[in-house]
Amino acid sequence: MSAQKKQHDALYPVSKSPALKPHITAKQYETLYKQSIKDPTTFWSKQARIIDWIKPFTIVKNTSFKEEDFHIRWFSDGMLNVCANCVDRHLPQRKDKTAYIFEGNEPGDVRHISYQDLYEHVCRFANVLKQHKVQKGGVVTLYMPMIPEAIYAMLACARIGAIHSVVFGGFSASALAGRLDDCESKVVITADGAQRGAKTIPLKDTVDLALTQTEKKTVETVITVKHTGATCPMKEGRDYWLHEEVRHVNTECPYEEMNAEDPLFILYTSGSTGKPKGVLHTSGGYLVYAALTHKYVFDYHEEDIYWCTADVGWITGHSYVVYGPLANGATSLIFEGVPTYPDAARYWDVVDQHKVSIFYTAPTAIRSLMSKGDAFATKTKHPTLRVLGSVGEPLNPEAWQWYYNLIGQKKCPVVDTWWQTETGGILLTPLPGAMDLKPGSVSKPFFGIQPELLNEKGQAIKRTGMGSLVMKDSWPGQMRGVYNDPERFFKTYFSKFKGYYSSEDGARRDKDGYYWITGRMDDIINISGHRVGTAEVEAAINTHSQVAESAVVGIPHSIKGEGLFAFVILKSGEDVLYVFKDEVLQTIGKNIGSFAKPEYIVIVPGLPKTRSGKIMRRLLRKIAAGQVAEIGDVSTLADPRIVDKISEIVVRTFKENT
Ligand code: WTA
């Protein structure tokens, strides 16, 4: 067996580190897990007490994945307020406890926000929203930097029953405009700018531009946080500064009583077809699931300093920067900057300075810091760390080992957590102190989660094997719909394999029942943990006046996990200059955001298509990855010669770039 293979099969027995105070043992996990599957009603009715209910529920689980009776409802007669659970209920015991430590872009820019501070900021913000006619059920869009005000805004919405839609600050004006139109938002919350390392990003300017691009023109109010001090033109009657608005409002704001199934937020995510979907999450089940997973997966305890590096623009930021940790009364660190500014030791300096004990990040960050050399990571032994987490894409065993050995100093379990925007919270994960760890594996199902692997015929694979990863039954954190498009929900996730939630990921199960994610099975590419639909990128490229057609596929990338490779056919058919490629890159930046720019753009005379005109993406993926020898039979193509032609162009492009 090669050294490489050996390393990949490595097994790290359950950690006995005294720093861990696991909530459960391996045996208790087995027992509780079995209970959660056999009798979900008893299990979840007990676990749902992790949050406070204004009116307790009497119905626990009311769900069916069957087409004729499709519905997903949890705790459906219970009443609660998510914001009250995250803020108010901690005041008696934790009012002086720090809810957030804000670490700004520049080292030394630090703010501590106690639960009492949080309460006051959120109430005031909620009153500002009310003054601007935001009501229960209305949608408020956030386009924000990673600053405390983003969290105040989310909680303010939850407090008054408004639905927030956070759009990641890296999206372009056009992408923002599309999302504003889709949910018909009347209010946008933004900031004058964001600071990301040496760069300042003019968020308010982008909002202004987006508002000229919306078709429906629903936005009536823009509230701007003063953060970078950049000057912003303010439009009379539409634009307001937050710091001026809060002067006129009360510090108290009663919270709305919400039903467990009332919407909490929408979060747009790329699908393999069509425009991004507004994934809808509701209140009760989502919060229970976020809180419970946060507690068990990270071995969370009252005195922890917890840092999840995700931006609030993504689901990880929603569930594990805001709702999960706050429901548990945690102290979280939030960071506006980037891991490499001022240098590649920044994360680890922050960990040491603020005595972070639980650290949760993405593989792309780990790989990028790993590539900068060990010296940055080993300035100290990071003695306060207890648990390390990873999410968003496969954590390759090499990166796992580096994270475990150098950052965790062989004493912190690495929890590689698998989940999706749609799942609301973590579904597959190790539990620290209760499970052996295998680098590269996302281990086992959390309580109440019933994964299955299906073969091409849709039959369940028993024991070991590889197939489509699906869930057999519902869990409380599951999404409840696609905003404004009820049919798309069932069609996208439940129609392919009858009776199952289809994740569109592939996975393998080993002899110990551990799961290993093999990657997406649809046309979604995971770039640095950002989901990008190839269809969206193609649509953006095709807006260029010279483009006739394009096809985009994913290629392996050593830091980002995956990158994009674009094949473009021009209208004129001419061979074209680099200027054109720059223009295409700009077009993508404008339509989606810089993170969706391809690594390679090649101009090709044609694309491999079947006789019925379908692009054979499988072939393009092989060509783009330089695996032409593995292509095999191409006789079903309308023009088999095209494969050689494209391959030649690609090889030439690779040569030019090295
Ligand atoms: C991928 C992020 C391997 C997967 C929370 C999934 C992962 C998609 C892992 C969801 C992991 C997430 N190992 N792949 N631990 N975690 N993925 O919606 O393909 O941004 O379907 O949610 O990321 O991405 P999303």
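Heads up: numbering here begins at 1 and tracks the sequence. Note that ligands are numbered from 1 as they come in the structure, with each ligand's atoms numbered from 1 the same way.
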*Specify whether His530 and Phe595 have parallel, tilted or perpendicular ring planes, treating 30° as the upper limit for parallel and 60° as the lower limit for perpendicular.*
perpendicular
*asked:* For Arg480, is there an ion pair with Glu261 - N to carboxylate O distance below 4.0 angstrom?
replied: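 A salt bridge links Glu261 with Arg480.
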*Kindly say whether the aromatic ring centers of Tyr501 and Trp475 come within a distance under 6.0 Å.*
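That pair passes the under 6.0 Å test.
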*Any chance NZ of Lys411 has more than 12 other-residue heavy atoms, nucleotides or ligands included, within less than 6.0 Å?*
yes
_Enclosure of Glu487 CD (heavy-atom neighbours >12, cutoff 6.0 Å)_ = no
Contact table, ligand 1 N/O with protein N/O, distance under 3.5 Å:
residue: ligand 1; atom: 13 (N); partner: Glu393; partner atom: O; Å: 3.3
residue: ligand 1; atom: 15 (N); partner: Asp416; partner atom: OD1; Å: 2.7
residue: ligand 1; atom: 15 (N); partner: Thr417; partner atom: O; Å: 2.7
residue: ligand 1; atom: 16 (N); partner: Gly392; partner atom: N; Å: 3.1
residue: ligand 1; atom: 17 (N); partner: Gly392; partner atom: O; Å: 3.3
residue: ligand 1; atom: 18 (O); partner: Thr421; partner atom: N; Å: 2.8
residue: ligand 1; atom: 18 (O); partner: Thr421; partner atom: OG1; Å: 2.5
residue: ligand 1; atom: 18 (O); partner: Arg531; partner atom: NH1; Å: 2.7
residue: ligand 1; atom: 19 (O); partner: Asp505; partner atom: OD1; Å: 3.0
residue: ligand 1; atom: 19 (O); partner: Asp505; partner atom: OD2; Å: 2.9
residue: ligand 1; atom: 21 (O); partner: Gln420; partner atom: NE2; Å: 2.9
residue: ligand 1; atom: 21 (O); partner: Asp505; partner atom: OD1; Å: 3.0
residue: ligand 1; atom: 21 (O); partner: Asp505; partner atom: OD2; Å: 3.2
residue: ligand 1; atom: 21 (O); partner: Arg520; partner atom: NH1; Å: 2.7
residue: ligand 1; atom: 22 (O); partner: Thr421; partner atom: N; Å: 3.4
residue: ligand 1; atom: 23 (O); partner: Gly392; partner atom: O; Å: 3.1
residue: ligand 1; atom: 23 (O); partner: Asn526; partner atom: ND2; Å: 3.1

_Within 45 degrees of the ring normal and closer than 6.0 Å to the centroid, is that where the cationic atom of Arg508 sits relative to Tyr515?_
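No.
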